[in-house]
Structures are given as structure tokens and as C-alpha cells.
Amino acid sequence: MTKKPSKQNSTQTQPTLAQAGITRRSALKGAGALAGGMALGFAAPAVHAQQKIVRFLNGEPSADSVRALRFAAAQYEKLTGVQVRIDSVPGGAAFQKLQASIQAGQPYEIGTLSFVGDVLLLAGEKKIVPLNDLVKKYDWGPRILFPMNGNNYWYPYDYNLCWINYRKDLYGKKGLKAATNWAEYLQNLTAVTGGGDGQLRHGVVHPLGSDDATNYTAFGYLWANDVRILDDKWNVVIDSPEMAPRVLEYLDFMADLVKLMPPSPRQASWANLVGDFQGDIVSHTPGTGRLIDQMNLTMPAKAANVASCLYPSKSGKKFAVNHGYDGWVVLDTPMTQEAIKFLTWFSDEHFINFLHSSPIHYQPTRLDIYKDPRWLAHPSLETFASIVEMQKQVLSDPNVVIRSIDTEGPEPDVRAGKLFRSFALPEMVQDRVFNGKSSAEALKTAAEKIRKVIA
């Protein structure tokens with residue numbers, strides 16, 4: 001058995017709301033407290049040269065999400081004198097930006113991460129701190145915390161499950177229904193692909209390069225086919241007698257699917273998942289509720305024609321979503337405690353406002369949110385009620401597989417992060433689809449690389 005990474009030296013004690021001097025009542029009375037020279041238990045900032053600054057790397061760059069975070073930051077500075085500086089980058093660039101800040105010796109205090117493998121890698125390097133006291137304040141949904149050696153290193157703010165969005169108006173014109181297996185899926189794609197009425201130029205966009213977008217969007221069909229990469233003892237089983245036939249079926253299926261994609265899928269990335277669908281280039285796209293939220297802002301009539309389904313399996317017995325999530329981590333810096341104080345306050349005072357900045361995309365991870373009348377009040381939750389119901393259903397449906405590369409293995413571990421960052425699975429697809437290898441050869445090469453990566 002491969003040796004597990006060593007346990008963190010200790011669990012860092014985090015301040016509670018009371019220790020931070022912050023309560024819901026004091027937040028509401030913040031303006032009056034400032035007039036009296038005191039806000040939320042903090043002295044009003046008199047010496048600006050000594051102002052505390054918390055640097056927050058946000059991986060949600062949409063205008064509404066940035067606005068929600070900056071509004072919260074401005075209120076927090078007014079109440080406490082601590083400035084929270086928001087820098088925003090596309091989600092796919094957040095990990096690299098965070099790493100660069102660490103390597104430059106100027107790490108952010110708070111960072112956004114979209115793959116738990118990255119969280120575990122940073123935890124293993126002791127670059128981030130546990131958030132145990134903050135996390136234990138809430139009741140969380142399934143498969144979302146991923147504690148490492150008993151410590152919770154992140155605050156997951158949304159389930160970012162990846163399913164398939166499609167044009168239900170085109171389905172209506174062709175008399176189609178959502179596919180339950182691969183054969184039906186290919187038939188549906190073919191029916192709505194072309195130059196005729198009720199057709200678009202291409203069927204589905206799938207990034208197939210060696211990158212995060214491929215890891216996130218290309219393997220739902222593999223999970224639906226009930227494939228595991230690793231067993232509960234960290235053995236590589238993707239090429240085992242049980243798994244190999246299912247993997248070979250998947251690779252052959254991807255070779256058929258690529259014929260219905262736009263040209264150059266190896267160069268496709270995050271932007272294509274939304275842009276190609278909005279631009280009537282494809283009729284299907286993997287993704288989340290982000291697509292619906294964005295379309296609903298500028299083209300609500302078109303958004304109303306979006307339907308969603310799960311990744312089908314070959315047999316139709318099971319379905320899948322690629323597991324996804326976004327969360328915040330706190331880095332180990334001189335301002336760590338101030339960063340935790342801000343997240344503690346934000347969690348109660350502004351979290352729902354942030355979720356509402358993309359209400360269908362930001363599926364809550366905290367179970368208390370689902371019952372909160374403030375969250376339920378957003379009109380999009382009623383407009384797209386069928387999609388919201390699907391989001392909730394997949395969390396408990398035994399016929400739905402929730403899996404991802406970076407959550408493979410018996411427990412959260414840096415080995416899954418190394419597997420994710422190796423891009424062994426995208427290269428397996430590339431070998432079959434672009435490089436002239438048979439499915440068996442592509443699988444063999446991938447399995448050998450995986451064994452070396454996690455050794």
C-alpha cells in the first residue's frame with residue numbers, strides 16, 4: 001500500500017463569531033456603532049497607514065458575482081476597518097494564479113478553487129489552514145467537505161455538478177425525448193445536426209485537450225458506465241478485467257461522438273461550453289446552471305428553451321454527473337486570522353446574496369440554505385424549477401453516479417490530486433480519437449501513467 005501523506009501537525013483554532021466580535025445583531029447596528037467610535041468589537045480605523053488588508057482571489061468573474069463580493073467587502077471595511085481586496089480571474093486560471101502568488105512570496109489570504117485535488121495538494125504542502133470551526137457551524141450536503149486527516153481545508157460554496165444542457169425546442173421539432181443510453185444520444189445528436197429546419201451545424205461541444213475543462217466535462221459518460229480508476233486500497237483498476245471492457249466501450253463511443261463536434265475539440269475550452277451553445281453552433285453542451293443564468297440575463301426567451309439531462313450510460317441502467325464544486329480556502333499568511341473573521345461574517349450576512357448572483361449555477365452545499373426564505377425568494381428558482389429539482393434529486397438518487405477524477409480513491413488524498421493534474425485520462429481519449437491508437441492501446445498507456453503518478 002502506498003504510504004499516506006503525514007497528518008497535519010495540529011488543527012488551527014479558528015475564531016468563532018463571538019470571538020471575532022461579529023454577530024448578526026451587531027452587523028445590523030454597524031453604522032450606529034461606527035458613530036460611537038466602535039464597530040463589531042473592533043476599534044474604528046484611525047491610522048490608515050496601518051490598515052489591515054485581506055487579499056481575496058475570486059474565481060467567479062461574472063459581473064453580478066464580483067459586485068456581490070465587492071459590496072460585502074465594502075460593508076465589512078466600513079464595519080471593521082479591515083479592507084478586503086477582491087481580485088477576479090476566470091475559474092480555470094484560479095489555481096495557477098494562486099500558485100504564482102505563493103511562489104512569489106505574496107500569497108493571497110483567501111483563494112477560490114474548483115477541484116478538491118488542488119485543495120489537497122495545497123493542504124499537503126501546508127500552504128492552507130484548516131477551517132474546522134467555521135465548517136462545523138453548518139449542516140452540509142453529501143460528498144462535499146472532503147476532510148483530510150480529520151481537517152476541513154475549504155468552505156465549499158456551491159455544488160458545480162456537470163450535466164448535459166440541450167435545446168428542447170429542437171427536440172420538439174424532431175419529436176425527440178431525452179436519451180437514456182448512448183445509442184439514443186447519438187441518434188438525437190444526429191437528428192438535430194445539419195442544415196435543415198430544427199438543426200444546427202454541430203451536435204455537442206466537448207473540450208478534449210490536456211486541461212481542467214476536459215477533466216470536468218468529458219468523463220461523465222465514463223462514470224455513467226460505472227468505471228472506477230482506483231479501488232478502496234489505492235490500486236489502479238481502470239485496466240482490470242472488470243473495468244477494461246467498460247473503458248473500451250467509452251473510448252469507442254467518444255470516437256463516434258467527436259464526429260458530431262465542432263472542429264478542433266483539442267483547442268476548445270471553458271468559453272466554448274457557453275459561447276457555442278448561445279451562438280447556435282451546437283445543440284448540446286456539458287455544463288452547469290451557469291449557462292442558464294447567463295442566457296437568462298440577455299436572452300430569456302432562448303434560456304426558456306434550455307433543458308437538462310444527465311450523462312447516460314451505454315446500457316441506460318445508470319446515469320451520471322461529473323462531480324464538481326467551488327470553494328474558498330484560506331492561506332497561511334500573517335493575515336490568516338483576519339481572513340477567517342471575514343469568511344465567518346460573510347457566511348451569515350452576505351452568502352445568500354452571493355448565491356443569488358448566479359442562482360441556478362450556485363447550487364447550495366449547505367442544507368440550511370434550501371429552507372431559507374431569503375434564498376427561496378429568487379424568481380429564477382421558480383422559473384427553472386425543473387432544473388433546480390434535478391439538482392436536488394441527484395444528491396440522493398441511487399441510480400445517479402456522482403464521480404470525478406479528483407475524488408477517486410477511498411478517501412480524500414493528494415494522490416487523487418496528482419492523478420487529476422497528470423491529465424492521464426484526457427490523453428487516453430486523445431490517443432484513441434486523434435493519435436491513431438486502438439482503445440486497448442490508449443487504455444494501456446493511461447494505466448501505466450496513472451501507476452507512476454500515484455506511486
Enquirer: Does the separation of the ring centres of Phe253 and Tyr221 fall below 6.0 angstrom?
Expert: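 Under 6.0 Å, so yes.
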Enquirer: May I ask you to check whether Tyr325 and Tyr159 place their ring centres under 6.0 Å from each other?
Expert: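 That pair fails the under 6.0 Å test.
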Enquirer: Is there a donor-acceptor contact under 3.5 Å from the side chain of Thr217 to the main chain of His206?
Expert: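 Answer holds: no.
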Enquirer: Strictly under 6.0 Å, is that where the ring centroids of Phe354 and Trp328 end up?
Expert: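 Yes, close enough.
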Enquirer: Could I get the full list of side-chain hydrogen bond (donor to acceptor under 3.5 Å, both in side chains) partners for Arg143, not counting sequence neighbours?
Expert: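 Residues passing side-chain hydrogen bond (donor to acceptor under 3.5 Å, both in side chains) with Arg143: none at all.
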Enquirer: Taking only residues two or more places apart in sequence, or in another chain, which ones meet Ala304 in a side chain to side chain contact (heavy atoms under 4.5 Å, CB included)?
Expert: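 None.
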Enquirer: I'd like to know if the side chain of Asn225 and the backbone of Val227 have a donor-acceptor N/O pair within less than 3.5 Å.
Expert: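 Checked: no pair found.
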Enquirer: Which residues pass the side-chain hydrogen bond (donor to acceptor under 3.5 Å, both in side chains) test with Ser269, not counting sequence neighbours?
Expert: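 Per chain and number, Ser269 pairs via side-chain hydrogen bond (donor to acceptor under 3.5 Å, both in side chains) with no residue.
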Enquirer: Minimum heavy-atom separation for Val84 and Ala73, please, with both atom names.
Expert: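 Looks like O-CB, 3.4 Å.
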Enquirer: Just distance, no hydrogens or angles: give the donor-acceptor pairs under 3.5 Å from side chains in residues 375-392, sequence neighbours left out.
Expert:
unit_1: His378; atom_1: ND1; unit_2: Ser380; atom_2: N; d: 3.1
unit_1: Thr383; atom_1: OG1; unit_2: Pro379; atom_2: O; d: 3.2
unit_1: Gln391; atom_1: NE2; unit_2: Ile360; atom_2: O; d: 2.8

Enquirer: Would the distance check show the side chain of Thr344 and the main-chain N or O of Ile340 forming a donor-acceptor pair, the cut-off being under 3.5 Å?
Expert: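 Side chain of Thr344 to backbone of Ile340, a donor-acceptor pair under 3.5 Å: yes, one is there.
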Enquirer: For residues 291-307, pull every pair meeting salt bridge (Lys or Arg N to Asp or Glu O under 4.0 Å), keeping only residues two or more places apart or in separate chains.
Expert: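 Passing the test, one end in residues 291-307: Asp280-Lys302.
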Enquirer: Does a salt bridge link Glu338 with Lys341, judged by any charged N lying under 4.0 Å from a carboxylate O?
Expert: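 Here Glu338 pairs with Lys341 in a salt bridge, since their nearest N and O are under 4.0 Å apart.
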Enquirer: More than 12 non-hydrogen atoms from neighbouring residues, nucleotides or ligands closer than 6.0 Å to CZ on Phe71, yes or no?
Expert: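 Count not over threshold, so no.
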Enquirer: So, Asp231 side chain and Asn235 main chain: donor-acceptor pair closer than 3.5 Å or not?
Expert: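 Yes, because the side chain of Asp231 sits within donor-acceptor range (under 3.5 Å) of the backbone of Asn235.
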Enquirer: Minimum heavy-atom separation for Tyr155 and Arg366, please, with both atom names.
Expert: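 Minimum heavy-atom contact is OH-NH1, 2.8 Å.
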Enquirer: How would you list, by chain and number, every residue that makes a side chain to side chain contact (heavy atoms under 4.5 Å, CB included) with Lys173, sequence neighbours excluded?
Expert: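 So Lys173 forms a side chain to side chain contact (heavy atoms under 4.5 Å, CB included) with Asp197.
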Enquirer: Answer yes or no: is there an ion pair linking Lys136 with Asp133, defined by an N-O contact shorter than 4.0 Å?
Expert: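 A salt bridge links Lys136 with Asp133.
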Enquirer: Tell me which pairs pass salt bridge (Lys or Arg N to Asp or Glu O under 4.0 Å) where either residue lies in residues 107-117, with sequence neighbours left out.
Expert: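 Every candidate salt bridge (Lys or Arg N to Asp or Glu O under 4.0 Å) pair involving residues 107-117 fails, so no pair, neighbours aside, qualifies.
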Enquirer: In terms of ring plane angle, is the pair His350 and Trp345 parallel, tilted or perpendicular, where the classes change at 30° and 60°?
Expert: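 Rings of His350 and Trp345: tilted, as their planes differ by 30° to 60°.
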Enquirer: Is the shortest side-chain N to carboxylate O distance from Asp118 to Arg421 below 4.0 Å?
Expert: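 Salt bridge present between Asp118 and Arg421.
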Enquirer: Holding to side-chain hydrogen bond (donor to acceptor under 3.5 Å, both in side chains), I want the full list of residues that pass it with Asn152, two or more places apart in sequence or in another chain.
Expert: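 Residues passing side-chain hydrogen bond (donor to acceptor under 3.5 Å, both in side chains) with Asn152: none at all.
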Enquirer: Centres of the Tyr76 and Phe346 rings: under 6.0 Å?
Expert: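 No - the distance between ring centres of Tyr76 and Phe346 does not fall below the 6.0 Å cut-off.
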Enquirer: Quick check against the 3.5 Å criterion: does Trp223 have a side-chain atom that pairs as donor or acceptor with the backbone of Arg403?
Expert: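 A pair under 3.5 Å: yes.
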Enquirer: For Leu343, is there any backbone N or O sitting under 3.5 Å from a side-chain donor or acceptor partner on Ser347?
Expert: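 Pair found, side chain donor or acceptor close to backbone of Leu343.
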Enquirer: Only counting residues at least two apart or in another chain, list the ones meeting side chain to side chain contact (heavy atoms under 4.5 Å, CB included) with Val89.
Expert: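 Val89: side chain to side chain contact (heavy atoms under 4.5 Å, CB included) contacts with Leu57, Ala94, Lys97.
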Enquirer: Could I get the full list of side chain to side chain contact (heavy atoms under 4.5 Å, CB included) partners for Ala416, not counting sequence neighbours?
Expert: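 Applying side chain to side chain contact (heavy atoms under 4.5 Å, CB included) to Ala416 gives none.
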Enquirer: Give a yes or no answer on whether the side chain of His284 reaches the backbone of Gly203 with a donor-acceptor pair at less than 3.5 Å.
Expert: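 Yes: the side chain of His284 pairs with the backbone of Gly203.
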Enquirer: Distance-only, no hydrogens or angles: does the Thr407 side chain make a donor-acceptor pair with backbone N or O of Ser404 under 3.5 Å?
Expert: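 A pair under 3.5 Å: yes.
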Enquirer: List for me each residue that meets salt bridge (Lys or Arg N to Asp or Glu O under 4.0 Å) alongside Arg290, sequence neighbours excluded, and say none if there are none.
Expert: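 For Arg290, the residues satisfying salt bridge (Lys or Arg N to Asp or Glu O under 4.0 Å) (neighbours in sequence not counted) are Glu60.
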Enquirer: What residues form a side-chain hydrogen bond (donor to acceptor under 3.5 Å, both in side chains) with Asn215, not counting sequence neighbours?
Expert: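 With sequence neighbours excluded, Asn215 shows a side-chain hydrogen bond (donor to acceptor under 3.5 Å, both in side chains) to no residue whatsoever.
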